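None of these values were measured; they are calculated from a predicted model. Here, residue 1 is the first one in the sequence, and each next residue gets the next number. The analysis underlying the following values was restricted to heavy atoms, covering all of them including side chains, and did not include hydrogens, waters or symmetry mates.
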Amino acid sequence: MTGAAAGVRTQEQVRQRNLSEVLRCVHKEGAVSRAVLSRRMGLNRSTIMDLTGELIAAGLVREGVPTGQGRAGRPSIVVMPEQEKVYGLAFDVAVDRLLAARVGLGGRVLDRRAAVRTRAGVDLEDVVGVLAAFGRELVAGADGLCVGVGASYCGLIKRADGTVRYGPHLGWEDQAFGPELAAGLGLGLPVEVGNEAHLGAVAEHVRGAGRDVDNLIYLHGDVGVGGGIIVGGKLLDGDAGYGCELGHMLVNPFEGRPCLCGSRGCLEAEVGEEALLDYAGRSNGLIGRDGIRAVVALAAAGDARARDALDRVGDWLGVGVVNLINLFNPALVVFGGMLSDVYPAAAARVRARIDAHVLPVSRERVRLAVTALGEDTTLAGAAELAFAGLLDNPLHTLAALR
C-alpha cells in the first residue's frame with residue numbers, strides 16, 4: 001500500500017471513529033448541542049456540522065433549535081436521536097418475569113410487553129416462545145428500522161454465541177438461548193445475550209445513578225445476587241465473560257448457608273431471597289419481590305422478627321460491600337433488583353460494616369445508592385447491548401441492514 005493510500009485509509013478510520021463518538025454522545029444525552037460536541041471531541045464546529053450531516057443523511061439523528069433559549073445571540077443547533085425511526089429490541093429474563101421492549105435510539109422505551117415466569121425448572125422453549133411472540137408484536141407495530149437485539153439473562157453467559165452456560169435457580173445449563181430466540185424472532189438478526197448484573201452495571205453507568213461515574217459497582221438481587229463492575233468506564237467481565245460473579249464471593253466461611261453453586265457462605269446465600277424470608281419466618285408465604293417487600297413493610301411497622309432478619313442480611317451484605325470497596329475503590333455502589341428494597345431498610349448495618357472495615361482512604365468518597373432506573377435497569381442494559389454494533393460503526397451497520 002502506498003503512503004497516499006495508507007493516509008486515505010487512516011483518514012477514513014478517523015472519520016468513522018468520529019461518527020461513532022458523535023452518535024454515542026447523542027444516544028447517551030438524548031439531545032446535545034453542536035457546541036458541546038465540539039468541546040468534548042476537540043473538533044471545530046465545521047467538522048462537527050459535517051459529521052452530524054452524515055448522520056442526518058443516514059437517518060440516525062436530526063437537528064433543531066433548542067427551546068427556552070435564555071441567552072442572547074444565535075443559539076447552538078441541538079442534535080437529537082431519531083428515536084422513533086431507529087430502535088432496538090430488548091429482552092429481560094429474570095427468575096419470576098419476562099420483559100420485552102422496543103427501545104428507541106437514545107434509550108426511551110417506546111413499547112413494551114411483560115409476562116410472569118413460573119419457577120418450573122428448565123423452560124427454554126416456553127421462555128423463547130413468549131419472548132419471540134412479544135418481539136414479533138413489537139416489530140409489527142413499528143415503522144422504523146430495528147438495528148439490533150439484546151437480551152439479559154440471570155446466569156453465566158457465553159457471549160460468543162448467547163448460550164446460557166449456567167443458570168442455577170431454574171436449572172439452565174448450556175441452553176442455546178440466543179440462537180433459539182433469534183430463530184423465533186425471524187428478523188435475520190443475532191440476539192446478543194449478557195448477564196443481567198453486567199448489563200445492569202452498564203445501564204447505570206450510561207443513563208442511571210452512575211452517569212458521570214467511571215468506577216462503580218452494581219449489585220443486583222433477584223433470587224440470588226449478581227454483580228457488575230465498571231472500571232475506567234469499561235465493564236470488567238473477565239477472560240471468557242464470566243467474571244464478577246460477586247454473589248459467589250465467600251463472606252461466611254463458618255457454618256455459612258448452603259448455596260446452589262455447591263459451596264456454603266456465598267454472598268447470595270447469606271443475603272438472597274431465601275435467607276431473608278427464612279430469617280423473617282416467611283418461608284411459606286409470598287416469594288419473589290412481593291415477599292421481600294412484605295418483610296420490609298413488616299419491619300417498618302415494628303415487627304421484631306422482620307427487623308432482625310433485615311439486620312442479619314444487612315450485616316452480611318455489608319461484609320460483601322466492604323470487600324468490594326477495599327478491592328476496587330469505587331466511587332459508587334449501586335443496589336438494584338430486590339436489593340433496592342433491602343438496602344434502604346438495612347443501610348445502617350451496611351454502613352456500620354463500612355465504617356469498621358473499609359480503608360479510610362477508600363471510604364472517604366464512596367457513595368451508596370439504589371438504582372436510578374428502577375425495575376428496568378437490566379432491560380436498559382439489554383437495550384445498550386442491542387445498540388452496541390450501531391454505536392461502534394454507524395454507517396457500516398446500517399449498510400449491512402438495508
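- A donor-acceptor pair under 3.5 Å is absent between the side-chain atoms of Glu384 and the main chain of Ala203, judged by distance alone.
- Between Leu199 and Thr378, the closest side-chain pair of non-hydrogen atoms is not below 4.5 Å.
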Derivation and outcome, side chain to side chain contact (heavy atoms under 4.5 Å, CB included), residues Val86 and Leu390: CA-CA 10 Å; Val86 180; Leu390 179 72; 4.1 Å; yes
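- The pair Asp303-Arg307 does not count as a salt bridge, with every side-chain nitrogen at least 4.0 angstrom from each carboxylate oxygen.
- Judged purely by distance below 3.5 Å, without hydrogens or angles, the side chains of Ser340 and Thr371 never pair a donor atom with an acceptor atom.
- With hydrogens and angles ignored, the 3.5 Å screen pairs a side-chain donor or acceptor of Arg305 with a backbone N or O of Tyr279.
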Check the pair Arg293, Glu375 against salt bridge (charged side-chain N to carboxylate O under 4.0 Å, His left out), reporting the backbone distance first and the verdict last. CA-CA 14 Å; Arg293 287 171 174 167; Glu375 295 188 18; 2.9 Å; yes
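- Between the side chain of Glu204 and the main chain of Ala209, a donor-acceptor pair closer than 3.5 Å is present.
- Ion pair Arg289/Asp222 not flagged as a salt bridge, since none of the NZ, NE, NH1 or NH2 atoms sits closer than 4.0 Å to an Asp/Glu carboxylate oxygen.
- Inter-residue side-chain proximity for Arg264 and Cys259 is flagged as unmet; no heavy-atom pair is nearer than 4.5 Å.
- A donor-acceptor contact shorter than 3.5 Å is absent between the side chain of Ser20 and the backbone of Asn393.
- You'll find the side chain of Leu37 reaches within 4.5 Å of the side chain of Thr52, heavy atoms only.
- Taken to the nearest 0.5 Å, the CZ atom of Arg113 stands 4.5 Å off from the CG atom of Asp111.
- Atom NZ of Lys85 has 12 or fewer neighbouring heavy atoms from other residues, nucleotides or ligands inside a 6.0 Å radius.
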Val206 vs Arg211, test: side chain to side chain contact (heavy atoms under 4.5 Å, CB included). Steps then yes/no. CA-CA 5 Å; Val206 171; Arg211 282 177 65 95; over 6 Å; no
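- Within 6.0 Å of CD in Glu125 there are 12 or fewer heavy atoms belonging to other residues, nucleotides or ligands.
- Other residues, nucleotides and ligands contribute more than 12 heavy atoms inside 6.0 Å of the CD atom of Glu29.
- Taking the charged nitrogens against the carboxylate oxygens, Glu21 and Arg24 have no contact shorter than 4.0 Å, which rules out a salt bridge.
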Does the pair Asp278 and Arg257 meet the rule for a salt bridge (charged side-chain N to carboxylate O under 4.0 Å, His left out), with working shown? CA-CA 11 Å; Asp278 185 24; Arg257 294 177 64 92; 3.1 Å; yes
Checking side chain to side chain contact (heavy atoms under 4.5 Å, CB included) for the pair Leu219/Leu324: CA distance, chi angles, key distance, verdict? CA-CA 10 Å; Leu219 284 169; Leu324 293 170; 4.2 Å; yes
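- Listed for the Asn326 side chain is a donor-acceptor partner under 3.5 Å among the backbone atoms of His357.
- A salt bridge is defined here as a Lys NZ or Arg NE, NH1 or NH2 lying under 4.0 Å from an Asp or Glu carboxylate O, and Glu173 with Arg165 fails to meet this definition.
- How far CG of Leu105 is from CG of Leu23: 5.5 Å, rounded to the nearest 0.5 Å.
- Here the side chains of Phe328 and Val333 are not in contact, with every heavy-atom distance at 4.5 Å or above.
- Counting heavy atoms from C-beta on, the side chains of Leu187 and Val139 come closer than 4.5 Å.
- The CG atom of Asn18 sits 5.5 Å away from the CG atom of Leu51 when rounded to the nearest 0.5 Å.
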Verify side chain to side chain contact (heavy atoms under 4.5 Å, CB included) between Val321 and Arg353, making sure each step is shown before the conclusion. CA-CA 8 Å; Val321 171; Arg353 282 289 188 183; over 6 Å; no
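- If you check the side chains of Gln16 and His396, you find no donor sitting under 3.5 Å from an acceptor.
- Between Arg34 and Ser38, the closest side-chain pair of non-hydrogen atoms is not below 4.5 Å.
- In terms of modelled atom types and a separation under 3.5 Å, the side chain of His205 and the main chain of Asp214 share no donor-acceptor contact.
- You'll find the side chain of Glu196 reaches within 4.5 Å of the side chain of His220, heavy atoms only.
- Surrounding CG of Asn284 are at most 12 heavy atoms belonging to other residues, nucleotides or ligands under 6.0 Å away.
- Glu268 contributes a side-chain N or O that, together with a main-chain N or O of Val225, makes up a donor-acceptor pair within less than 3.5 Å.
- A donor atom on one side chain and an acceptor atom on the other are not found under 3.5 Å apart for Thr47 and Asp50.
- Remark: Arg117 qualifies as a cation-pi partner of Trp172 under the 6.0 Å distance and 45° angle criteria applied to the six-membered ring.
- Using modelled atom types, no side-chain atom of Asn195 and backbone atom of Leu156 make a donor-acceptor pair closer than 3.5 Å.
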Residues Arg207, His27; criterion side-chain hydrogen bond (donor to acceptor under 3.5 Å, both in side chains); working and verdict: CA-CA 10 Å; Arg207 57 185 75 258; His27 172 67; 3.2 Å; yes
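- The distance from the CE atom of Met249 to the CD atom of Glu270 is 11.5 Å, given to the nearest 0.5 Å.
- Within the model, atoms CD1 of Ile292 and CE of Met338 stand 5.0 Å from one another, a figure rounded to the nearest 0.5 Å.
- The closest side-chain heavy-atom distance from Val193 to Phe91 is not below 4.5 Å.
- Distance CZ/Arg365 to CD1/Ile325: 13.5 Å, rounded to 0.5 Å.
- Counting heavy-atom neighbours within 6.0 Å of Asp174 CG, excluding the residue itself, gives a total above 12.
- Using modelled atom types, one finds no donor on one side chain facing an acceptor on the other under 3.5 Å when comparing Arg159 with His198.
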